[in-house]
2 protein chains.
Amino acid sequence: MGRKRLQPSPDGRPTVHTVAARAGVSIASASRVLNGIGGSAETVRRVREAAAEVGYVPNAIARSLQSQRTGLIALAVADIGNPVYVAMMRAIEAVVASSGRQLVVHATGGEIDSETALLRRLANRYVDGMIISPIRITDSHHAAIVGSPVPVVVVGQLPDDTPVDNVRTDSRAGVALAVDHLVAAGRQRIGFVNGPLDTVPGAARDAGFRAALARHGIPVDEDLIEIGDFQYAAGRAAAARLLDRADPDALLCANDLIAVGALHTLLSEQRRVPEDVALVGMDDTELAQMAFPQLSSVSLGSEARGRRAAELLLERIADPDLPPRREHVAPSLAVRASSTVGGPTAGNGPPASRRAPADGTVEVIS
Amino acid sequence: MGRKRLQPSPDGRPTVHTVAARAGVSIASASRVLNGIGGSAETVRRVREAAAEVGYVPNAIARSLQSQRTGLIALAVADIGNPVYVAMMRAIEAVVASSGRQLVVHATGGEIDSETALLRRLANRYVDGMIISPIRITDSHHAAIVGSPVPVVVVGQLPDDTPVDNVRTDSRAGVALAVDHLVAAGRQRIGFVNGPLDTVPGAARDAGFRAALARHGIPVDEDLIEIGDFQYAAGRAAAARLLDRADPDALLCANDLIAVGALHTLLSEQRRVPEDVALVGMDDTELAQMAFPQLSSVSLGSEARGRRAAELLLERIADPDLPPRREHVAPSLAVRASSTVGGPTAGNGPPASRRAPADGTVEVIS
DNA sequence: AAACTCCCCGGAAACGTTTACAAGTCAGGA
DNA sequence: TCCTGACTTGTAAACGTTTCCGGGGAGTTT
């Protein structure tokens, strides 16, 4: 015969049983009081008192098992050191917090194993939903995403037939904005420092760069193209190699980390920016504004993408039967001192605004 | 009479009951097979098959309720945009991953409410342990930390009597290293751009700065001290104010974000760094090496602190009865181009090493 | 052939919470 | 006085998993 357990759990922590026993009421009454629903004045007093005395704190796991929700949303990004993800995270955080939930972040390091392992672990009910921004998409990603027990929203490109909510931008168009800007400023030998071609963003930027040059009738010179990873050190090294063998009058970099690395190399080698070499980054992160001179950068709308992704996720959690949705955020170009000789002067005047139009236009920020 | 439930859970997802029924075995057998312990060849086959057919994925919440552990570790930091936390996070991640657990990060924004709410939510069993690096310590922090149901390790200063594992550095000594270095280089009018004095690091750095000046017999000139928050924009603005009313020959900044902001202001106002104004940051983050010229910076051992904090946490999870421990990591100074006129030249030579000695010494990185 | 060991299996309890349901109390109105 | 309704309370089931325990079958040893 199952004697009622009046003692705390094995690890010594009080449970609702402990509180109920101490207050001399049933666990149902104790639970009700602790959740603020019902109870006579006397019962409420006794339960509150007992809870305080034993230092009761509810077990969220047990509560979640019962309620089928945890109130947590996960965000998985490849590189948390990249400011573009920080910006995205802040936008997501704002939306998530306004729904009374909490955001937790996981850095995957861009490794396939880590990302799918994450999906398997966190998405198995530890969180109510998940936003993931994978840098590569493999079959195992695909399988893990569509088989996830909780809603997943993907930020970034994704095979067209994947039945998953998705927010993307057009980074090819973004690259085109930058090339147009440089060509309009009279630059003809445009160098390009890209990330790995086997990543989704790397491939898109490469295709965009070649297409944009073609549109302007400029032949592609492979000596003007360098590839590293998406980090600062790689940008610095890649720019050094590029300068060593070619003589660019402009440099387009696949993200701002690379661009800051390239800037370091340019300044070390006594090239004037923008007079000798114009420099344009991508992502338009705060790093672009920290650099001196401030960097022109292609905004891919990270905040907007993050915000929309979070909104889509909350909508889907509320109604799992919605059809999969796909949204686009248009790129824009923020022009700053690093690419305009007579334009915005290096660091004079008030700090440049971070705003950029959302419809693929070019804005000169002075 | 309780009829056995053979149907999937209310939301339609299969449970171990579904799999067991389909395979024609008991839930005990199904569970054993799914966990890889025991089972005849035939049973294993049938259960595996059934699980695959219905797309079974175990509910981690239910598992955790039973096993009393989630395999998750949380890290709470004030500002995830600050590279010092990124460095710390990477170190923690490495240790945590090697124990087979996963790290989740939460940015609190430095707000008291958010931090204590986090402790109440995540620490109530959603995670097996937590590392927190609060920028302010209030009574409610104190209460939440000591009352936490799961182990908590604090990175940073903490009242001496708090019975909690703690890893700290001596930022006063760190400030002293920087001042000594600047004075030795002949600088006499040393400006100081600090963070808010009601934060733990802000107060410690202020005290350290005044003590170090006193030790060198230099009177404190309040005009040479400015306060903002710990961000880039604040550093830029504070440096502008300081330059406006005083004429420093050196600038010490309370972290690297502030220092990069100050660098921007200095370069905008045509001051040569380091010839006119020597510049030293704190935290020795990658940002210090991205700047041009590269920034001298006081290393407060963020990686080492993160690593130790993670190790302490894992030890405590393994043995909750350990006495509270308190560990120290000594600061050191990385000298780079921003503070040495004849020394390490700006950006020439190979990239500077990130290593700094761990025993409070000064290292010139060339 | 009986006793013993080993393995496999199923029933049932347990983790800590919320909640449906039934039963009880009490006051007020017919 | 009896009925009705509002309110409170306790019992027990449920969330989905792991695991203890005992029963039973097959194989091995005396």
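What's counted below: heavy atoms across the whole structure, side chains too, no hydrogens, waters or symmetry copies. Chain A is the first sequence line, chain B the second, and so forth, proteins listed ahead of strands; every chain is numbered from 1.
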Per-nucleotide protein contact string for nucleotides 17-23 of chain D, where B marks a base within reach and S marks sugar-phosphate only (heavy atoms under 4.0 Å, - for neither): BBBB---
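Annotation for A/Ala50 and A/Val19: closest pair CB-O, 3.8 Å, computed over non-hydrogen atoms. What you find for B/Val33 and B/Thr43 is that their closest heavy atoms are CG2-CG2, 4.1 Å. Nearest heavy-atom pair across B/Pro14 and B/Tyr56 is O-CD1, 3.6 Å.
A straight line from CG of A/Leu65 to C1' of C/dA14 spans 12 Å, rounded to a whole angstrom. The interatomic distance linking B/Gln68 (CD) with C/dG16 (C1') rounds to 8 Å, in whole Å. Rounded to whole angstrom, the span from the CD1 atom of A/Ile61 across to the C1' atom of D/dG16 amounts to 12 Å.
Between the side chains of A/Ser67 and A/Arg69, no donor-acceptor pair of N or O atoms lies under 3.5 Å.
Counting heavy atoms from C-beta outward, A/His141 and A/Ile112 have side chains that approach closer than 4.5 Å.
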